[in-house]
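One structure is given below, encoded as structure tokens.
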Protein chains: 2
Amino acid sequence: MSTAGRGLHGHVLDTLGPEITAGEYPPGSVLRTDELAQRFDVSRSVMREAVRVLESMYLVESRRRVGVTVRPKSEWNVYDPQVIRWRLAGADRPRQLRSLTVLRSAIEPVAAGLAARHATSEQCAELTECALGMVAHSRGHKLEGYLLHDVAFHRVILEASGNEMFARLGDVVAEVLTGRTQHDVMFEDPDPAAVTLHVQVAEAVRAGDAGRAEELTREITVGALQELDILAP
Amino acid sequence: MSTAGRGLHGHVLDTLGPEITAGEYPPGSVLRTDELAQRFDVSRSVMREAVRVLESMYLVESRRRVGVTVRPKSEWNVYDPQVIRWRLAGADRPRQLRSLTVLRSAIEPVAAGLAARHATSEQCAELTECALGMVAHSRGHKLEGYLLHDVAFHRVILEASGNEMFARLGDVVAEVLTGRTQHDVMFEDPDPAAVTLHVQVAEAVRAGDAGRAEELTREITVGALQELDILAP
DNA sequence: CCGTCATGAATAAGTCTGACTTTTTGTCTC
DNA sequence: GAGACAAAAAGTCAGACTTATTCATGACGG
């Protein structure tokens, strides 16, 4: 689900956004609204709307008499789902994937611990269902079905943590897991140890054992880090 | 630094944004662009730009023939600095502060561990400087100076982690620490134990002892959680 | 002779207005 | 209930105008 279809300004963003996040314009570069409007064959009003959105993502800064200047990467709002998607689609996808995986390794164990305390019985049921689904699809090249349950599992954990900031990372985790399956590693069946860990996490959460849920989830995320050769020597 | 001054659309956002994030319009409420333009006495073009920004924050959704509908809170991009600021300024400030503190408790220990591995000697120097500054301002109602060094300390840690996602949370942490000092707790001098911990973290990072840096930082964040009565029974 | 401080013109964003298009939805009829 | 019609609101465009910012020019004073 991208910005496309959201009108002309969405179409402009779909090409200009990736260009900027890919670093095609060095920081400080100036873009002129009029020129951009010409380039994309849209009116200035539409172009201005697009610029406003880029501005709200801290990708650019619009100043009178000077133009639309591209901000340094360090100022970008890297938590914006749109920005994340653009960068994942671009050249520094590996780098982005590493950053996000490290983020996961920090967040998910804590979220699992909180989930063990706050999860409703419905959420516990969902969790075991997801874990069992992962088991069912763990052998025989059923990666698609496996991924589906894996994503759902982590989404439920983040939701059940009761923390809105964690909950909103569900999409990010989904993106990372999907990306891993489709492009990078994961040619054959998933690691059986990982599958077992998911089942155990579901159990720990249901049992309300926060410490165990946290520790088991930490093992899962350590596995994810190792897959990307992010070591801890 | 808010959106004000960034033109008329910024002014509109400064009032409309807080209203929406404060929950004044229940999810599903419809706002008409023309009416809003009248209310704020701006042209439709300006109002459209403001709506586009709100849309990019997932606060509203604009659909033809129906209007601008307010999205449910669960879909808001709660990592947008602007949204964070608006919510911290509004009624559910305490709730927001708790969410962010929990987030800190997940992120900062991991960041400190990474900092111990990746920090440059300049960053180590900054870190000890900050810690010493905290010590110097820890007695005699010098809360202002203390806060300044505290914020700087955590910023350096997040920066030194080498992870861009962590680094971008510097502003959030600053906001939380500032808010804590100004509004909520902290009437008298800071907890001496906390001060000591910061000094020890600086030492651990300089020594490259990741495990120790992580553990000490975890103690700091646990203290922050306890201040807000976020327990772990 | 050089640095600093007005003055002014050029420039690009910012704003407004009005007319028109397009999509969606609700209703009316068959 | 299916299809046609009409209304409503966002979407788009074009053009004229406003305003802030920057740069260059030149005057003044050191």
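The figures here come from the full heavy-atom set of this structure, side chains too, leaving out hydrogens, waters and symmetry mates. The sequence lines fix the lettering, A, B, ..., with proteins before strands; numbering per chain opens at 1.
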[X] side chain near [N] phosphate (N/O to OP1/OP2, under 4.0 Å):
X: B:Arg48; N: D:dG11; value: yes
X: B:Thr33; N: D:dA10; value: yes
X: B:Arg64; N: C:dT21; value: no
X: A:Arg52; N: C:dG14; value: yes

Using whole Å, what does the distance between atom [atom2] of nucleotide [N] and atom [atom1] of [X] come to?
X: A:Arg32; N: C:dG14; atom1: CZ; atom2: C1'; value: 17 Å
X: A:His11; N: D:dG11; atom1: NE2; atom2: C1'; value: 16 Å
X: A:Glu55; N: C:dA13; atom1: CD; atom2: P; value: 12 Å
X: B:Arg6; N: D:dT19; atom1: CZ; atom2: C1'; value: 17 Å
X: A:Glu35; N: C:dA12; atom1: CD; atom2: P; value: 8 Å
X: B:Leu8; N: D:dA20; atom1: CG; atom2: C1'; value: 13 Å
X: A:Gln38; N: C:dA13; atom1: CD; atom2: P; value: 12 Å
X: B:Arg44; N: C:dT21; atom1: CZ; atom2: P; value: 15 Å

- prompt: Can you list the steps and then say if B:Val78 with B:Arg87 is a side chain to side chain contact (heavy atoms under 4.5 Å, CB included)?
  reply: CA-CA 9 Å; B:Val78 288; B:Arg87 296 186 64 193; 3.3 Å; yes

Base, sugar-phosphate or nothing for A:Arg63? Non-hydrogen atoms, less than 4.0 Å.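 Answer is sugar-phosphate: A:Arg63 comes under 4.0 Å of backbone atoms only.
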
Review point. Contact class for B:Ser62 (heavy atom, under 4.0 Å): base, sugar-phosphate, or nothing?
Key: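 Answer is sugar-phosphate: B:Ser62 comes under 4.0 Å of backbone atoms only.
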
**Request:** Please tell me which of A:Arg65 and A:Asp41 maps to the more 5' nucleotide of DNA chain D, matching each residue to the nucleotide holding its nearest heavy atom.
**Result:**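 Upstream on the strand: A:Asp41.
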
What one should report as the nearest heavy-atom pair of B:Ser161 and B:Leu114 is O-CB, 3.6 Å

- Any chance the side chains of B:Glu164 and A:Ser99 put a donor and an acceptor closer than 3.5 Å?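 Side chains of B:Glu164 and A:Ser99: pair found under 3.5 Å.
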
Side-chain contact test, heavy atoms from C-beta onward, threshold under 4.5 Å: evaluate it for A:Arg104 versus A:Leu177 and give yes or no.
yes

*Any side-chain heavy-atom pair from A:Val173 and A:Arg155 closer than 4.5 angstrom?*
no

Contacts of B:Ser45 and A:Leu31 projected onto DNA chain C by closest heavy atom; the upstream (5') one is A:Leu31

